[in-house]
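Just follow the structure's listing: the first ligand is 1, and inside any ligand the first atom is 1. Residue numbers start at 1 and run along the sequence shown.
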Amino acid sequence: MKTIDKISDMQSMVRQLRRNGDIIGLVPTMGYLHQGHISLIRIARKKCDTLVVSIFVNPTQFCPGEDFDKYPRDMKRDQKICSDEGVDIIFAPSTQEMYPDKSGYSAYVDMAGDITDVLCGKYRPGHFRGVMTIVAKLFNIIQPDVAVFGQKDGQQAVIIKKMVMDLNFPIDIIIGPTIRESDGLALSSRNKYLTAEQRKQAPAIYKSLMLAKNMIQNGERDAKKIIQNMSEFIINSGDFKIQYIDIVDMNTLQSLEHIEGEIMIALAVFLGETRLIDNIILRI
Ligand code: PAF
């Protein structure tokens, strides 16, 4: 396994791989890899000849005051995990390499319309512009045939698929399922921030989604009622502040009053200072 940190070295490698006719797979990450990332790596591993994992904590997707500086990083551990999982190349550029300030970096990818302004986008202005920009840059540098993202970032998955379609990237996008702890908490690098007490409370997030699922399975179709029940459950379960709970159409991401079709129930909450997100998809 090679670790490459220069864009020009990655590009020469890609030219060679393409000449050999290799199918290239990419799993973009911000590092501090956990079982969720490993599950995406395993999906990608089966779909390609050469598997690249990118590790880059992307500053442009953090809003002012968010956790860019304290975001956990552990390259040695990530390298060991990737090597054990049969990854061929880690692409781990520096911030300066991706956004050179000497040349005055100024090109960004953005999306007009409704899917970036709702859910997390409403509370993290500029976040998805940062995500789309870095993902487009990684796609241009690595030229993958297939790229794998996680359903845990449900809105990101929808936006990336739309970007790939609208900008004609010849890339097959695969969305891997959310991986959970045995008590239901979705795996996230940010779970590391939780205190022991908060960690005990955290499964209430997934339980609230299961509560919603049960209500729907029992015939409830009024989104307001379901959201109300979820909110009460979460607030009564610990040191939570709810940022949003929403039930949206899976394709348009617009809020539904009456639940039908393919839907995503999504939420973002603060547990103490830590912001956690989760979602489930249901077909009604
Ligand atoms: O999902 C993530 O970890 C990040 O948003 C991504 C896709 C690696 C872009 O920085």
Side-chain angles (χ1 to χ4, degrees), residues 4-5 7 10 25-41 43-44 51-63 66-75 77-78 81-82 87 89-95 97-99 105 107-111 115-116 119-121 123-142 144 146-164 167 169 171-179 186-193 264 266 268 274-279:
I4 296 179
D5 59 9
I7 294 171
M10 189 69 230
L26 170 66
V27 180
T29 82
M30 299 209 296
Y32 210 71
L33 305 177
H34 50 62
Q35 285 301 325
H37 298 111
I38 292 174
S39 76
L40 305 181
I41 290 172
I43 293 171
L51 175 54
V52 183
V53 169
S54 65
I55 296 181
F56 180 66
V57 184
N58 173 36
T60 64
Q61 70 187 77
F62 289 79
C63 302
E66 288 188 347
D67 56 344
F68 174 70
D69 288 332
K70 72 165 187 174
Y71 196 85
R73 295 158 167 90
D74 190 343
M75 193 50 148
R77 188 172 149 274
D78 290 347
I81 291 172
C82 286
V87 172
I89 300 168
I90 292 180
F91 179 55
S94 65
T95 305
E97 184 74 4
M98 290 307 262
Y99 299 107
Y105 190 87
Y108 291 87
V109 179
D110 213 341
M111 189 174 284
I115 66 172
T116 50
L119 303 172
C120 292
Y123 300 93
R124 303 184 74 190
H127 168 68
F128 288 114
R129 175 187 192 249
V131 170
M132 282 186 279
T133 301
I134 196 63
V135 170
K137 282 165 75 71
L138 291 168
F139 284 174
N140 283 333
I141 295 164
I142 297 162
V146 51
V148 185
F149 295 83
Q151 178 54 39
K152 159 83 181 350
D153 297 301
Q155 185 174 14
Q156 171 175 285
V158 173
I159 289 171
I160 285 170
K161 277 191 189 162
K162 178 91 172 100
M163 177 186 85
V164 162
L167 296 182
F169 284 104
I171 303 172
D172 186 11
I173 302 296
I174 298 176
I175 307 301
T178 302
I179 305 297
L187 295 195
S188 161
S189 305
R190 291 188 169 101
N191 294 350
K192 181 185 157 56
Y193 301 148
M264 179 160 69
T274 305
R275 185 176 180 277
L276 299 171
I277 59 170
D278 202 349
N279 68 80

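- Taking a cut-off of under 4.0 Å to the non-hydrogen atoms of Q156, the atoms of ligand 1 that pass are 1 (O), 2 (C), 4 (C), 5 (O), 7 (C).
- Residue D153 approaches ligand 1 through these ligand atoms, each under 4.0 Å from one of its heavy atoms: 1 (O).
- The aromatic rings of Y99 and Y108 sit parallel to each other, their planes meeting at less than 30°, with 60° as the upper class boundary.
- Taking each heavy atom of Y71 and Y193 in turn, the nearest pair found is CA-OH, 3.4 Å.
- Residues I159 and M111 come closest through the heavy atom pair O-CE, 3.6 Å.
- In this structure, atom 4 (C) of ligand 1 lies nearest to the protein heavy atom Q61 NE2, 3.7 Å.
- Of the protein's heavy atoms, M30 CG, 3.7 Å lies nearest to atom 3 (O) of ligand 1.
- Minimum heavy-atom separation, I179 to S39: CG1-OG, 3.4 Å.
- Per-residue contacts place I134 under 4.0 angstrom from the following atoms of ligand 1 (heavy atoms of the residue considered): 9 (C), 10 (O).
- By the side-chain contact (heavy atoms from CB on, under 4.5 Å) test, L40 pairs with V27, V148, sequence neighbours left out.
- Residue contacts with ligand 1: T29 is placed with no nitrogen or oxygen under 3.5 Å of a nitrogen or oxygen of the ligand (distance criterion only).
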